[in-house]
Enquirer: 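Can you keep this structure in mind? I'll have questions shortly.
Numbers here are sequence positions counted from 1. Predicted model only: the values in this text are computed from it and were never measured.
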Amino acid sequence: MTIIEHPQLIRRFADDFTGLQEAVLARMNGICAPEIAAALEHASLAGPITIALAHAEVLARGAVRHAELSAQPPERLRRLRAHARKVRRARSQAEAVYKEQRARRLAGRSWPVDMLELRVARGASPAAFAEALRQELRDKGLPDGTPQAPESDLARWASDRKTAGDELPAPVRELRDCDDEAFVQALLRDAREDENPYLPHDAVVERWSRHGRSALAWGRYAIGQAERDALACSLSVRRTRLDALDDAYQDTAVLAARSREALLRVTELHDRMWACATTGPFAELIAQCRAAALARFADAEPELWHSVRELTVRHQAHCPEQADGCPRCHRALAALLADAHPADTGEDGDGEHPTATVPADVDRYAVLADLPDTAVVAVADAGVGDESALCGYGWAAEDGTTGYGDSLASSSGEAEVIGICAAALSLLEHHEDAPVVLLCDSAQAVDVVDMALRSADPTAAHRILLFPESRQLMDRLLRHRHRVQVRWLKGHIGHDLNETADAFARLALRRVNGRIPPSVARKEEARILRSLGSGAGPLSVAA
C-alpha cells in the first residue's frame, strides 16, 4: 500500500491527538499496523508527531518518578525507564525528520540578496541604519511601531499590513496587548483548563512561542512542589501526594506539547511571510524601503558611508563569490568597520563592562587582587534537575565556612543566582561590616546579579528570575548591596572552593529529590569537608 491510499487515516491523525499519539507509540514499539505506519510517514504529520512525542516524553518521565517515589518493584522501574528512553529517542528522531522535511521545502527557494554596501552598512552601524529605515517607512505612511519590520520581526509587520483595516477579534487583541505575566497566565489556563483557540492567530503566535518556555517552567515548578510534598511523607501515606504529582506531570505534558506546537506554528508563519516578502509587490516595497534608507544613511553618515564604499569596492575586486553577490562576506567587512567606529553598537548601555567578560585565560586569582584584606571571599555553584524545577546549591568560603540548600529554579541560570544570593546572605549575617565577594562560574548569573546590585533594582534580574523564591532572595540581598560584589571564576579547573561548592550543589540536589537518604547525605557532607581540609565544626547551612 502507498501513502496516497490512506488520506482518511492521515486526516484522522491530523485531527485526533490521542489517536496520533497512540499510533506513534505503537510504531515505536513495533506493533503498528502497516497501513498506520504508512500514514505516519506523510509529510503533513511530521510536525504533529513531534508534538505528540513531546507530550508522551513528559508522561513517561512522570511514570518513572511515580514508581521511584512509591517504591515499586525494581523490574517495573526498569521497564518504565526503558520506555522513557525509547520515547526520548523517538522524539529526537521525529524532530530530525521534521527539520529535514522543512529544509527540503525551503531548498528550492531563491532568496534575494541585498546589495553588499547595504548589508555592510547595516552591520557596521545598526543603530544609524535602523534610524534611516525608520524615517523612510514613516514617510511612506507605514504604521508607527512597525518600521523596523523589513530588518526584523517581518512576520509581525506583514501580519499587521495584512489585517490593516480589519478588526482583530477581541480575545486576540487582549492577548496581544496584555503584559507578559498575564500572557503566561493565559498559557497556563490554556493547558490546565480550556484550550485557547486564539493563540495560533498571526498577531500573537510569535508571542505564544516566545513565552511558551516560561509557561513550561511553571509546570516544572508544580512538579517540584509536588515532589517535595510527597517526599515529606512516609511511604504509607504518600499515595494522595503522588496523585498531586501525577496531576502536575499531566499539566506539564500539555504545556510541553503546546510549547512545541507554538514553535511549529511560528516557524510556518515565518516561512509563509518570507515567501510573501521575496515575491511580488511586497518584495518590491521592501527593496524600495531599504534602498531609500541606504541613501538616507549615506547623507547622515558620510564618513562611514565613504569607508563602506571603499572597503566593498576593494573586496569585490578579488572575491571569488562576487558573481553571487558575496552572500556571506558582509559580516567580516562590517566587523572591520565596526572596530573602526566602536561608538555605534546599536545597544543601550552605560559603557560599563560586566565582570563576566574577563578572558578565560586570565589567572583566576587576578580578579581578587584589588580586594581589601578584610573581604570575605566565597565560591557558589548550583545545579537543576531534568524533570522538575527542584535545584540544589552549595558554597564554600576562604574562612572555611560552607553551606548548601535547595530551592526551585526555572533554569540553571536562576539556580546559580539563588546560590549566590543564599551564600552572600549567610556570610553577611556572620561577618558584620566586612565586604563579601561571591565568585561563580556562571557568566549569566554574575552579570544578572551585578546588574541588580549596581542599579539597586531587583527587576533588573527578572529576565532570568522567574519564581518567587529567587526574587525574594534578590530583594533581601539588595538591602546589603554596598557590601556585596560578584565576580566571575573559571569553573572546573581544580579550584578547591569551586570543587567544594559544586560537590555541595550536587549533594543538595540529590537530597531534595530523594535520591539519597539522610544518613548517606550526612556521610557525604563529612567526606566533602574532609576533602576541603576542614573537617571540624558543623556546616553553616545557607538560608
Enquirer: Run the side chain to side chain donor-acceptor pair (under 3.5 Å) check on S470 and E414 step by step: do they pass?
Expert: CA-CA 7 Å; S470 60; E414 185 167 13; 2.5 Å; yes
Enquirer: Measure across R207 and R176 and return the closest heavy-atom pair with its distance rounded to 0.1 Å.
Expert: NH1-O, 3.3 Å
Enquirer: With rounding to the nearest 0.5 angstrom, report the CD to CD distance, Q444 to E416.
Expert: 9.0 Å
Enquirer: Are the ring centres of F467 and Y221 closer than 6.0 Å?
Expert: yes
Enquirer: Would you please say whether a donor-acceptor pair under 3.5 Å links the side chains of Q72 and S70?
Expert: yes
Enquirer: Around Y98, counting heavy atoms of other residues, nucleotides and ligands shown, do more than 12 lie under 6.0 Å from its OH?
Expert: yes
Enquirer: Any idea which heavy atoms bring V448 and A461 closest together, and the distance?
Expert: CG1-CB, 3.3 Å
Enquirer: Does any part of the side chain of D229, heavy atoms only, come nearer than 4.5 Å to the side chain of L245, both counted from C-beta?
Expert: no
Enquirer: Using a distance-only test with no angle check, is there a side-chain donor-acceptor pair under 3.5 angstrom linking S388 and R220?
Expert: no
Enquirer: Below 6.0 angstrom between ring centroids: does that apply to W208 and F183?
Expert: no
Enquirer: When you look at CD of E95, are more than 12 heavy atoms from neighbouring residues, nucleotides or ligands closer to it than 6.0 Å?
Expert: yes
Enquirer: With rounding to the nearest 0.5 Å, note down the distance linking CZ in R239 to CG in L69.
Expert: 13.5 Å
Enquirer: Answer yes or no: is there a side-chain heavy-atom contact under 4.5 Å between H201 and V205?
Expert: no
Enquirer: Heavy-atom count check: over 12 atoms from other residues, nucleotides or ligands less than 6.0 Å from E75 CD?
Expert: yes
Enquirer: Looking only at heavy atoms, what is the nearest atom pair of A415 and A409, with distance?
Expert: N-CB, 3.5 Å
